[in-house]
Amino acid sequence: MNKLKKNNEYSFFEDVFEVVRQIPKGRVSSYGAIAAYLGTKMSARMVGWAMNSSHKVKPLVPAQRVVNRNGMLTGKNHFETVTQMEELLKKDGIEIKNDTVQNFDGLFWDPSKNLL
DNA sequence: GCATTGACGAAGG
DNA sequence: CCCTTCGCCAATG
């Protein structure tokens with residue numbers, strides 16, 4: 001499957017990982033925002049799909065900081081444990097209520113605005 | 001090679 | 001205001 005990857009063309013997966021790693025502690029971002037930063041704003045799904053491999057890449061990607069546009073921890077089910085995601089976010093100082101990031105609007109981190 | 005699914009999002013009813 | 005439908009792109013069956 002691998003090995004014959006176009007050396008010039010890195011999957012946008014790595015781009016997603018890189019952006020997610022840039023998310024500051026205590027902040028969260030959304031799939032759509034990351035997708036938009038990568039240019040594929042219409043395909044936020046692809047970002048989520050990329051996160052599917054986030055657990056197997058070298059520098060673990062803080063996927064827990066990436067939630068949907070509603071601030072809901074939709075991907076918690078894909079973590080080692082369903083509580084892992086909210087626990088990690090709580091450690092970052094983010095309050096989680098009912099699997100949803102509180103004050104999501106205030107904690108939201110837009111890569112296109114901050115990373116640029 | 002076509003059909004289904006997926007950690008989303010915006011629009012329509 | 002809540003729920004349903006469509007669109008996107010890629011991977012898997």
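Below, read A as the first sequence line, B as the second, and so on, with proteins coming before strands; counting in each chain starts at 1.
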Whole Å only: how far is the [atom1] atom of [X] from the [atom2] atom of [N]?
{"X": "A:Asn70", "N": "C:dC2", "atom1": "CG", "atom2": "P", "answer": "11 Å"}
{"X": "A:Asn68", "N": "B:dG6", "atom1": "CG", "atom2": "C1'", "answer": "14 Å"}
{"X": "A:Ile23", "N": "B:dA7", "atom1": "CD1", "atom2": "P", "answer": "18 Å"}
{"X": "A:Lys56", "N": "C:dA11", "atom1": "NZ", "atom2": "P", "answer": "11 Å"}
{"X": "A:Leu89", "N": "B:dA7", "atom1": "CG", "atom2": "P", "answer": "18 Å"}
{"X": "A:Leu88", "N": "B:dA7", "atom1": "CG", "atom2": "P", "answer": "19 Å"}
{"X": "A:Lys76", "N": "B:dA7", "atom1": "NZ", "atom2": "P", "answer": "13 Å"}
{"X": "A:Leu73", "N": "B:dA7", "atom1": "CG", "atom2": "P", "answer": "14 Å"}

Would you mind classifying the nucleic acid contact of A:Ala63 as base, sugar-phosphate or nothing, using non-hydrogen atoms under 4.0 angstrom?
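Touches a base.
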What nucleic acid atoms does A:Asn52 come within less than 4.0 Å of, heavy atoms only: base, sugar-phosphate, or nothing?
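It contacts base atoms.
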Please determine, for the side chain of [X], which listed nucleotide ([options]) has the closest atom?
{"X": "A:Met42", "options": "B:dG6, B:dG9, C:dC8", "result": "C:dC8"}
{"X": "A:Phe79", "options": "C:dA11, B:dG9, B:dA7", "result": "B:dA7"}
{"X": "A:Met46", "options": "B:dA10, B:dA7, C:dA10", "result": "C:dA10"}
{"X": "A:Ala44", "options": "B:dG9, C:dA11, C:dC8", "result": "B:dG9"}
{"X": "A:Ser30", "options": "C:dC9, B:dG9, B:dA7", "result": "B:dG9"}

Test applied, side-chain contact (heavy atoms from CB on, under 4.5 Å); reference residue, A:Val67; option that passes from A:Asp99, A:Ile96, A:Thr74, A:Val101:
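Of all the options given, the one that passes is A:Val101.
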For the side-chain contact (heavy atoms from CB on, under 4.5 Å) test, which of A:Gln64, A:His55, A:Glu86 pairs with A:Phe79?
A:Gln64
I'd like to know if A:Glu87 and A:Lys91 make a salt bridge, using a cut-off of under 4.0 Å between side-chain N and carboxylate O.
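The answer is no: the pair does not qualify as a salt bridge.
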Compare every heavy atom of A:Gln102 with every heavy atom of A:Leu107, then report the nearest pair and how far apart it is.
CD1-O, 3.5 Å
Rounding to an integer number of angstrom, what distance separates C:dC8 and B:dG1 when you compare their P atoms?
23 Å
Cut-off 3.5 Å, side chains only: do A:Asp110 and A:Ser112 have a donor facing an acceptor?
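Yes, a side-chain donor-acceptor pair sits under 3.5 Å.
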